[in-house]
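In each ligand, atom 1 is the first atom listed, and ligand 1 is the first ligand listed. One-based numbering along the sequence shown.
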Amino acid sequence: MLLLKGKPVADKIRENILSAVENCKSKGLDLPRLAIMRAGEEPDDIAYERRIIKNCDSLGIEVKTVLVDRDIGMDEFMDILSDLNEDPKIHGILIFRPLPEQLDLDIISRAVKAVKDIDCMNPINIQKVFEGDTSGILPCTPEACIEILKHYGYELTGKNVAIVNRSMVLGKPLSMLFLLENSTVTICHSKTKDLPKITRNADIVVTGVGRAKFFGPEYFSENSVVVDVGINYEEGGLCGDVDFDSVTDKVSAITPVPGGVGTVTSMILLNNVIKAMRLQNKG
Ligand code: NAP
């Protein structure tokens with residue numbers, strides 16, 4: 001069984017970011033700059049922000065944190081977002097979610113300028129993916145799944161892929177990315193009949209149901225390449241959707257949790273600041 005660790009994949013992306021930052025420095029250009037919008041003092045948001053700032057510091061990406069009151073009104077939020085959209089020194093915008101309930105996520109998502117939308121909130125960026133156009137900002141987690149498989153040398157053309165998730169953050173856009181790689185995709189969900197039969201017959205299985213250790217050996221074959229996207233909190237710490245210990249002897253390869261898809265997703269998010277900067281310099 002091959003363990004598809006995320007770190008070497010993230011390290012490669014990291015190198016790309018560092019060389020883009022170096023390029024800006026050598027040419028005397030502005031450094032890439034990310035704006036984070038955080039509403040209130042939610043502990044999870046603060047911890048996430050700290051991790052991002054630490055990573056950005058180590059990469060040479062500048063960060064502007066915009067902290068607003070948790071009870072901010074829609075108009076004020078939109079005004080601040082508009083300023084960030086128009087500020088040429090801000091290349092990427094990241095809005096922490098979930099937003100407080102008085103803020104309309106749908107309107108806000110559409111308002112983030114598409115070329116600064118590093119978290120792929122704006123439907124314009126998703127639409128591009130569905131049109132087979134990968135020139136914009138791609139959704140981070142689906143891109144991470146594809147990057148891991150490519151990094152470890154898997155040929156995706158003609159492969160049967162089963163994705164157990166039909167959400168807009170994972171299953172739907174990921175199915176489009178696999179189609180672009182000429183894979184044959186089956187999207188599964190909670191109403192799918194005989195799920196183990198479908199996943200067992202697939203070459204690649206992506207799991208994203210959000211249930212700890214849901215997938216046991218009966219879901220896989222000895223040829224299965226498994227990408228476990230699930231992030232679940234158990235008493236012993238983080239775990240994926242796959243019952244890792246019971247399937248390791250059975251499958252051909254699997255991503256660990258933690259240390260798999262999530263590790264790559266975090267780096268792709270920051271790489272999107274570089275991508276966003278390039279898109280803005282182009283247009
Ligand atoms: P979600 O919107 O709740 O989607 C869960 C999906 O799983 C739905 O399509 C649901 O089907 C399906 N499902 C649930 N129970 C099932 C069952 N018994 N059999 C078959 N399918 C089932 O969640 P999400 O936002 O897409 O996230 C999914 C997981 O990925 C979560 O654990 C999340 O933490 C993790 N995640 C990880 C990363 C990362 O970077 N690693 C990033 C984002 C999310 P229905 O549509 O029929 O309800």
Does [atom1] belonging to [X] count more than 12 external heavy atoms closer than 6.0 Å?
{"X": "D79", "atom1": "CG", "result": "yes"}
{"X": "K113", "atom1": "NZ", "result": "yes"}
{"X": "K159", "atom1": "NZ", "result": "yes"}

query: Which atoms of ligand 1 sit under 4.0 Å from any heavy atom of V164?
result: 20 (C), 21 (N)

- prompt: G262 heavy atoms, cut-off 4.0 Å: which ligand 1 atoms fall inside?
  reply: 40 (O), 41 (N)

Please state which protein non-hydrogen atom is closest to [atom] and give its distance, to 0.1 Å?
{"atom": "atom 26 (O) of ligand 1", "answer": "S167 OG, 2.6 Å"}
{"atom": "atom 33 (C) of ligand 1", "answer": "I231 N, 4.2 Å"}
{"atom": "atom 4 (O) of ligand 1", "answer": "N165 ND2, 3.5 Å"}
{"atom": "atom 42 (C) of ligand 1", "answer": "T141 OG1, 3.1 Å"}
{"atom": "atom 46 (O) of ligand 1", "answer": "R166 NE, 2.7 Å"}
{"atom": "atom 40 (O) of ligand 1", "answer": "T265 OG1, 3.0 Å"}
{"atom": "atom 31 (C) of ligand 1", "answer": "G210 CA, 3.8 Å"}
{"atom": "atom 28 (C) of ligand 1", "answer": "G208 O, 3.2 Å"}

field: Sub-3.5 Å N/O-N/O distance, V229 and ligand 1
entry: yes

- prompt: If we only count N/O pairs under 3.5 Å, is S190 in contact with ligand 1?
  reply: yes

- prompt: So between M168, R211, H189, whose heavy atom ends up nearest atom 20 (C) of ligand 1?
  reply: H189

4.5 Å side-chain heavy-atom contact, [X] and [Y]:
{"X": "M1", "Y": "V251", "answer": "yes"}
{"X": "V229", "Y": "T255", "answer": "no"}
{"X": "L174", "Y": "V185", "answer": "no"}

Within one Ile-Leu-Val-Met-Phe-Trp-Tyr cluster: I36 and Y48, side-chain cutoff 4.5 Å: yes

Evaluation steps, side-chain hydrogen bond (donor to acceptor under 3.5 Å, both in side chains), between T157 and E155: CA-CA 6 Å; T157 297; E155 169 62 54; 2.9 Å; yes

- prompt: Side chain, backbone, both or neither: which part of V209 has a heavy atom under 4.0 Å from ligand 1?
  reply: both

- prompt: Out of curiosity, is G230 lining ligand 1, as in a heavy atom under 4.0 Å away?
  reply: yes

query: Between D119 and R97, is there a salt bridge with N-O shorter than 4.0 Å?
result: yes

query: Is the shortest side-chain N to carboxylate O distance from E181 to K150 below 4.0 Å?
result: yes

Positive for side-chain hydrogen bond (donor to acceptor under 3.5 Å, both in side chains) with T207, one of N165, T199, D228: D228

- prompt: Hey, is atom 2 (O) of ligand 1 touched by any protein heavy atom at less than 4.0 Å?
  reply: yes

message: Under 4.0 Å and counting heavy atoms only, is there anything from the protein next to atom 44 (C) of ligand 1?
response: no

